[in-house]
Amino acid sequence: MKKSNYISLRWKIGASILIGTFLFSLVILTITYRYVNKILTESLIEQGRIVAANISELAAEKLIEDDIVSLKSIIEKYKYYSNIQYILIEDFNNQIKTDTYNGDVPREIVEGHVFKEADDNKSYQVQKITIASENTKVYDILEPIKEGLLGFVRVGMRQSYIESHLKSTILFLGMVFLGGTFLAIILAIFIVTLQITRPISYLTDMAYKISMGDFNTPVRVAVKNEIGILSEAIERMRESLKTSIERLRKH
């Protein structure tokens with residue numbers, strides 16, 4: 001039987017699964033990206049707040065005494081944390097008393113965060129600052145020392161910390177979805193071949209033989225689905241045609 005050009009059903013289904021899985025994966029990755037970004041941001045800010053609160057407790061007395069050396073030693077304990085960009089201690093006039101830049105504080109940081117009375121119950125304030133000279137974005141956490149009467153602690157937490165963890169998370173999930181998509185397509189093609197494509201091809205050949213007058217070959221398909229029902233219908237049609245042809249020959 002000569003067959004016209006057509007796109008195999010198995011490849012149509014495989015392509016549909018590929019497109020559907022890709023769109024589903026895209027939605028899941030987008031939701032995951034936003035959720036993980038939110039969680040990591042909150043975690044980073046909380047880490048900065050804890051560091052700022054600890055420094056605030058230690059620095060209060062030293063700030064009253066104007067003991068710059070002791071203030072410097074306090075912030076030295078924390079400046080080597082991988083996700084901390086800088087630490088500043090300011091007086092109540094927002095003048096920097098000590099910092100991890102050894103006095104060479106970038107202009108964006110100096111002008112970046114001024115304490116304002118907040119309406120919520122949070123003691124600390126957070127602001128996003130871009131340091132152009134360092135090509136860095138930070139979350140600037142400002143913690144008052146004695147409610148701002150003595151001064152403030154400012155801790156800059158690197159946004160790159162979030163970005164690096166986001167990239168690794170999304171890359172891992174992307175690889176998982178890619179592998180899952182590949183396996184799903186292979187499985188779908190295998191099932192379609194056994195349950196649909198091969199039986200349909202067989203029934204097409206049998207229908208062609210019947211149309212050419214071959215009524216002696218039984219139609220048998222070992223699948224229990226709609227194609228099996230179709231096979232039974234074709235078999236009944238063959239039997240009926242065979243019986244009718246035999247009656248006509250006898251007459």
Side-chain angles (χ1 to χ4, degrees), residues 1-46 137 159-251:
M1 176 182 177
K2 184 179 178 181
K3 298 180 181 179
S4 59
N5 293 330
Y6 64 93
I7 299 175
S8 175
L9 183 61
R10 75 183 74 179
W11 299 118
K12 287 183 178 180
I13 293 177
S16 299
I17 292 175
L18 177 62
I19 295 172
T21 306
F22 174 78
L23 294 176
F24 175 77
S25 300
L26 190 62
V27 171
I28 294 298
L29 287 175
T30 301
I31 295 173
T32 302
Y33 178 89
R34 292 180 178 178
Y35 177 75
V36 174
N37 182 63
K38 178 176 178 292
I39 295 299
L40 288 176
T41 300
E42 292 175 352
S43 176
L44 185 68
I45 291 173
E46 180 62 16
K137 294 180 180 180
Q159 187 181 1
S160 58
Y161 166 84
I162 297 173
E163 294 170 350
S164 62
H165 282 72
L166 270 176
K167 287 179 181 177
S168 60
T169 301
I170 297 302
L171 180 62
F172 172 75
L173 288 176
M175 294 299 293
V176 170
F177 282 127
L178 182 63
T181 300
F182 177 77
L183 292 176
I185 291 174
I186 296 298
L187 181 60
I189 290 175
F190 177 75
I191 293 175
V192 167
T193 299
L194 291 180
Q195 295 291 318
I196 300 177
T197 307
R198 190 174 294 173
I200 287 178
S201 179
Y202 168 77
L203 291 177
T204 302
D205 290 337
M206 293 304 300
Y208 178 75
K209 289 180 180 180
I210 293 172
S211 70
M212 298 302 293
D214 182 359
F215 303 109
N216 297 318
T217 306
V219 179
R220 296 285 186 268
V221 174
V223 292
K224 295 182 179 180
N225 53 28
E226 288 82 354
I227 294 176
I229 296 174
L230 176 61
S231 170
E232 293 173 358
I234 294 176
E235 173 61 15
R236 287 195 298 270
M237 180 187 70
R238 183 192 69 81
E239 290 284 355
S240 298
L241 287 172
K242 182 180 179 181
T243 302
S244 298
I245 294 296
E246 289 177 350
R247 286 176 181 173
L248 286 173
R249 285 175 180 173
K250 289 178 180 180
H251 289 290

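On a predicted model such as this, the values are computed, not experimentally measured, just so you know.
For the pair Ile210 and Ile234, the minimum side-chain heavy-atom distance is below 4.5 Å. Here the side chains of Leu44 and Gln159 are not in contact, with every heavy-atom distance at 4.5 Å or above. In this structure, Glu235 and Glu239 have side chains that are in contact, with non-hydrogen atoms separated by less than 4.5 Å. Two residues are said to be in side-chain contact when any heavy atoms from C-beta on lie closer than 4.5 Å; Tyr202 and Val219 meet this criterion. In this structure, the side chains of Leu23 and Val27 stay at 4.5 Å or more apart for every pair of heavy atoms. Residues Glu42 and Glu46 fail the side-chain proximity criterion, which asks for heavy atoms closer than 4.5 Å.
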Notebook entry, point to check: What's the verdict on salt bridge (charged side-chain N to carboxylate O under 4.0 Å, His left out) for Lys250 and Glu246, showing C-alpha distance, side-chain angles and the deciding distance?
Noted result: CA-CA 6 Å; Lys250 289 178 180 180; Glu246 289 177 350; 5.9 Å; no
Notebook entry, point to check: Can you list the steps and then say if Thr217 with Arg238 is a side-chain contact (heavy atoms from CB on, under 4.5 Å)?
Noted result: CA-CA 9 Å; Thr217 306; Arg238 183 192 69 81; 5.7 Å; no
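In this structure, the separation between CE on Met237 and NZ on Lys242 is 14.0 Å, given to the nearest 0.5 Å. Here Leu178 contributes atom CG and Phe22 contributes atom CZ; the two are 11.0 Å apart, rounded to the nearest 0.5 Å. Once rounded to the nearest 0.5 Å, the distance linking CZ of Phe177 with CD1 of Ile170 reads 9.0 Å. Rounded to the nearest 0.5 Å, atoms OH (Tyr33) and CG (Leu26) are 13.5 Å apart. Between atom CG of residue Leu173 and atom OG of residue Ser168 there is a gap of 9.5 Å, rounded to the nearest 0.5 Å.
No donor-acceptor pair under 3.5 Å is formed between the side chain of Ser201 and the backbone N or O of Arg198. Between the side chain of Ser43 and the backbone N or O of Ile39, no donor-acceptor pair lies under 3.5 Å. Between the side chain of Ser231 and the backbone N or O of Ile227, no donor-acceptor pair lies under 3.5 Å.
For Lys38, the NZ atom counts as loosely surrounded, since its 6.0 Å shell holds 12 or fewer non-hydrogen atoms of other residues, nucleotides or ligands. No more than 12 heavy atoms of other residues, nucleotides or ligands sit less than 6.0 Å from atom CD of Glu226.
Taking every heavy atom of both residues into account, Asp214 and Asn216 meet most closely at OD1-N, 3.2 Å.
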